[in-house]
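As a basis for the values below, the full set of heavy atoms in this structure was taken, side chains included, without hydrogen atoms, waters or symmetry mates.
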Amino acid sequence: ARNYGIDRANGKYICFIDTGYGIHPDHVYYEKDLSRDNELWQKKLNIFFDFLEKKYGIPVVIASHPKINYPAIAFAGREKIKYKTLNLVLNSEFVIQDVSNSISFSVIANKKIELITTNEMYKSEKSYLTTLAHRLKIPLFNIDTENFETFEPCEIEESARKSYLYSFLTSKETENTLSSEILINFLKTL
């Protein structure tokens, strides 16, 4: 068992936001993309997560993709939680993710974050990953090529954070308005 002196009762954890690489139903059904290997991806992630759990002394908890039903043994038996990504992000010590749209949760919560990739993921998702890393001014960490010892989650620079918030999520005019109010006001104009 992987304990590494981890005190799971202290409530601290690292959140990994899962995208279901290789088995995401949209990729399999719509793109017929069978070249993405989820088993290899998980194997690489598990080695990386083992390192992080030793380094930080806290577990990695998987914010499981809602369209995927992993068996208990997936991610080397690590805890997988569905439908709670926002809460997992908010209460984590830091967040690790790749191409998940849940990046917005990390940006809004102003969490330390690290974007990660593997060689295989980089081949298929290079444009998105590099654009996101550039936009948020955070590094992209390739777990296949970089020394794990150099891994360090980082804060998103405030100017990049605000740029993301006001370019993708809201505007200065609507930041304190509920989405339902925006929709109702829009419908009244029709």
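Note: the hydrophobic cluster containing Leu183 also contains Leu190 (ILVMFWY, side chain heavy atoms under 4.5 Å, direct or indirect links). Leu86 and Ile14 fall within a single hydrophobic cluster, where Ile, Leu, Val, Met, Phe, Trp and Tyr side chains are chained together by heavy-atom contacts under 4.5 Å. Side-chain heavy atoms closer than 4.5 Å link hydrophobic residues (I, L, V, M, F, W, Y) into clusters, and following such links, even through other members, never connects Ile182 to Tyr166.
Lys84 places no side-chain N or O within 3.5 Å of a backbone atom of Ala63 that could act as its donor or acceptor partner. Of the possible polar contacts, none joining the Glu125 side chain to the Tyr128 backbone as a donor-acceptor pair under 3.5 Å is found. Distance alone, capped at 3.5 Å, is enough to place a donor-acceptor pair between the Thr131 side chain and the Ser127 backbone. Side-chain atoms of Thr130 come within 3.5 Å of backbone atoms of Lys126 as a donor-acceptor pair (strictly under, hydrogens ignored).
Annotation: side chain of Ile96 is not in contact with side chain of Ile17 (no heavy-atom distance under 4.5 Å). Using a 4.5 Å heavy-atom cutoff, the side chains of Glu53 and Val60 are in contact. At a threshold of 4.5 Å between non-hydrogen side-chain atoms, the residues Asp18 and Phe16 count as touching. Side-chain contact check for Ile113 versus Phe105: every heavy-atom pair is 4.5 Å or farther apart. In this structure the side chain of Leu40 never reaches within 4.5 angstrom of the side chain of Thr118, judged on heavy atoms. The closest side-chain heavy-atom distance from Ile138 to Glu114 is not below 4.5 Å. Annotation: side chain of Arg78 is not in contact with side chain of Pro59 (no heavy-atom distance under 4.5 Å). Annotation: side chain of Ile62 is not in contact with side chain of Ile81 (no heavy-atom distance under 4.5 Å).
Ionic pairing of Arg161 and Glu158 is present here: one or more N-O contacts between side-chain nitrogen and carboxylate oxygen are shorter than 4.0 angstrom. No salt bridge links Glu155 with Lys111; every basic N to acidic carboxylate O contact stays at or beyond 4.0 Å.
For the atom pair Leu132 CG and Leu115 CG, the distance stands at 5.0 Å (nearest 0.5 Å). Taking CZ from Phe75 and OH from Tyr70, the interatomic distance works out to 4.0 Å, rounded to the nearest 0.5 Å. Note: Phe94 CZ to Ser106 OG = 11.5 Å, rounded to the nearest 0.5 Å. If you take NZ on Lys172 and CG on Asn176, they are separated by 9.5 Å, rounding to the nearest 0.5 Å. Rounded to the nearest 0.5 Å, atoms OG (Ser167) and CG (Leu165) are 9.0 Å apart.
Side-chain contact of Tyr13 with Glu79: a donor-acceptor pair under 3.5 Å is absent, judged by distance alone. Inspection of the Lys12 and Asn91 side chains reveals no N or O donor paired with an N or O acceptor under 3.5 Å. Side chain to side chain, Thr117 and Asn142 fail the donor-acceptor criterion of an N or O pair below 3.5 Å. For the residue pair Thr174 / Thr177, no side-chain donor-acceptor distance below 3.5 Å is found, with atom types taken as modelled. In summary, the side chains of Ser104 and Tyr164 do present a donor paired with an acceptor at a separation below 3.5 Å, with no hydrogens or angles considered.
Of all heavy-atom pairs between Ala72 and Lys80, the closest is O-NZ, 3.2 Å. Of all the heavy atoms in Val95 and Val89, the pair that sits closest is CG2-CG1, 3.9 Å. Nearest heavy-atom pair, Thr19 versus Met121, reported as atom, atom and distance to 0.1 Å: OG1-CE, 4.4 Å. Scanning all heavy atoms of the two residues, the minimum distance from Ile116 to Asp98 falls at O-CB, 3.2 Å. Considering all non-hydrogen atoms of both residues, Gly20 and Ile68 come closest at CA-CD1, 3.2 Å.
For residues 132-148, the salt bridge (Lys or Arg N to Asp or Glu O under 4.0 Å) pairs, not counting sequence neighbours, are Lys44-Asp144, Lys137-Glu157.
Enclosure of atom NZ in Lys43 is not indicated, since only 12 or fewer non-hydrogen atoms of other residues, nucleotides or ligands lie within 6.0 angstrom. A 6.0 Å sphere centred on CD1 of Ile73 holds no more than 12 heavy atoms belonging to other residues, nucleotides or ligands. Annotation: Lys112, atom NZ; neighbour count of heavy atoms from other residues, nucleotides and ligands within 6.0 Å does not exceed 12.
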Are Phe148 and Lys54 close enough, and set up right, to give a side-chain contact (heavy atoms from CB on, under 4.5 Å), and what steps lead you there?
-> CA-CA 11 Å; Phe148 290 178; Lys54 283 181 187 176; over 6 Å; no
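For Phe151 and Phe51, the distance between ring centers is not under 6.0 angstrom.
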